[in-house]
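Below is one structure, written out as structure tokens, with a few remarks after it.
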Amino acid sequence: QVHLVESGGGSVQAGGSLGLSCAVSGYTSSSGCMGWFRQAPGKDRERVATFRTGSSSTYYADSVKGRFSISRDDAKNTFYLQMNNLKPEDTSMYYCAARRPSSIPCSSGSWRQYDYWGQGTRVTVDS
């Protein structure tokens, strides 16, 4: 059974920083994908940052490049999202997710292709 549990998030002023953590259990593939997604009210869920398990490659949505950074601690089975220079438009529910291996690159694909999800954590950026 795969479980993902997010922590972090909260409220911050524009220009500030926040960090999110995702603790993963039960996931053993070295060729799947993991990452962060977000969903604002009334909008579709979107990919924020993803990586291929077993690889150091990371992929970012254009809207967060240069501001957000994904990292991982394999010994702790945890990955992170560091968010800097936050903007009001970053306000969303943030979810961590994992996907079984497929032919679709981790750099692309829809959130619908992800198999396992955390419960979500809210990030609010005030202007």
Side-chain angles (χ1 to χ4, degrees):
Q1 195 82 323
V2 178
H3 292 286
L4 295 92
V5 179
E6 298 109 339
S7 59
S11 296
V12 67
Q13 293 290 317
S17 298
L18 283 173
L20 306 179
S21 299
C22 180
V24 183
S25 61
Y27 188 91
T28 59
S29 176
S30 61
S31 56
C33 304
M34 290 186 178
W36 294 95
F37 292 75
R38 67 185 181 186
Q39 187 168 17
K43 294 188 176 181
D44 196 12
R45 194 167 297 190
E46 62 176 356
R47 185 179 65 87
V48 175
T50 50
F51 64 92
R52 182 179 176 86
T53 59
S55 167
S56 59
S57 298
T58 53
Y59 312 98
Y60 297 93
D62 288 343
S63 58
V64 307
K65 278 181 183 175
R67 300 188 299 120
F68 290 15
S69 177
I70 194 168
S71 62
R72 49 204 283 200
D73 185 337
D74 291 337
K76 295 182 178 180
N77 292 323
T78 301
F79 62 95
Y80 308 92
L81 185 69
Q82 179 62 37
M83 305 180 288
N84 298 326
N85 191 22
L86 282 159
K87 303 176 180 180
E89 52 264 42
D90 295 317
T91 295
S92 279
M93 282 292 290
Y94 283 72
Y95 300 88
C96 62
R99 196 181 80 191
R100 292 187 291 265
S102 80
S103 59
I104 301 171
C106 298
S107 57
S108 61
S110 166
W111 65 267
R112 295 173 179 82
Q113 292 151 350
Y114 279 71
D115 305 293
Y116 311 105
W117 292 88
Q119 79 282 4
T121 186
R122 186 172 302 278
V123 170
T124 302
V125 184
D126 298 316
S127 57

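Reckoned from all heavy atoms, side chains included, excluding hydrogens, waters and symmetry mates.
- Rounded to the nearest 0.5 angstrom, Leu86 CG and Arg67 CZ are separated by 6.5 Å.
- Across Pro105, Cys106, Pro101, a single residue satisfies side-chain contact (heavy atoms from CB on, under 4.5 Å) together with Arg52, and that is Cys106.
- Among all heavy-atom pairs drawn from Gln113 and Ile104, the shortest one is NE2-CD1, 3.3 Å.
- A donor-acceptor pair is defined here as one N or O able to donate and one able to accept, closer than 3.5 Å; such a pair exists between the side chain of Thr78 and the backbone of Lys76.
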Show the atom names and distances, to 0.1 Å, of all donor-acceptor pairs under 3.5 Å that link a side chain in residues 20-36 to residues at least two apart or in another chain.
residue: Tyr27; atom: OH; partner: Arg99; partner atom: O; Å: 2.6
residue: Ser29; atom: OG; partner: Ser31; partner atom: N; Å: 3.1
residue: Ser29; atom: OG; partner: Gly32; partner atom: N; Å: 3.3
residue: Trp36; atom: NE1; partner: Tyr80; partner atom: O; Å: 3.4

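- Taking all atoms of both residues into account, the shortest heavy-atom contact from Ala14 to Ser127 is CB-CA, 4.3 Å.
- Gln119 places no side-chain N or O within donor-acceptor distance of the main-chain N or O of Val5, the cut-off being under 3.5 Å.
- The distance from the CG atom of Leu81 to the OG1 atom of Thr121 is 11.0 Å, given to the nearest 0.5 Å.
- In this structure, the side chain of Arg47 engages the main chain of Ser107 through a donor-acceptor pair within 3.5 Å.
- Among residue pairs with one or both ends in residues 45-78, those qualifying as ring-ring contact (aromatic ring centres under 6.0 Å, His included) are Phe51-Phe79; sequence neighbours excluded.
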Candidate pair Asp44 and Arg112, rule side chain to side chain contact (heavy atoms under 4.5 Å, CB included), full reasoning:
CA-CA 11 Å; Asp44 196 12; Arg112 295 173 179 82; 3.7 Å; yes
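- What you find for Asn85 and Asp90 is that their closest heavy atoms are O-OD2, 4.5 Å.
- Not less than 6.0 angstrom separates the ring centroid of Tyr95 from the ring centroid of Tyr114.
- For Arg100, the side-chain contact (heavy atoms from CB on, under 4.5 Å) partners at least two apart in sequence or on another chain are Asp115, Tyr116.
- Tested against Val64, the residues Met83, Lys87, Glu46, Arg38 include a single side-chain contact (heavy atoms from CB on, under 4.5 Å) partner, Arg38.
- A donor-acceptor pair under 3.5 Å is formed between the side chain of Thr91 and the backbone N or O of Val125.
- Between the CH2 atom of Trp117 and the CZ atom of Phe37 there is a distance of 4.5 Å, given to the nearest 0.5 Å.
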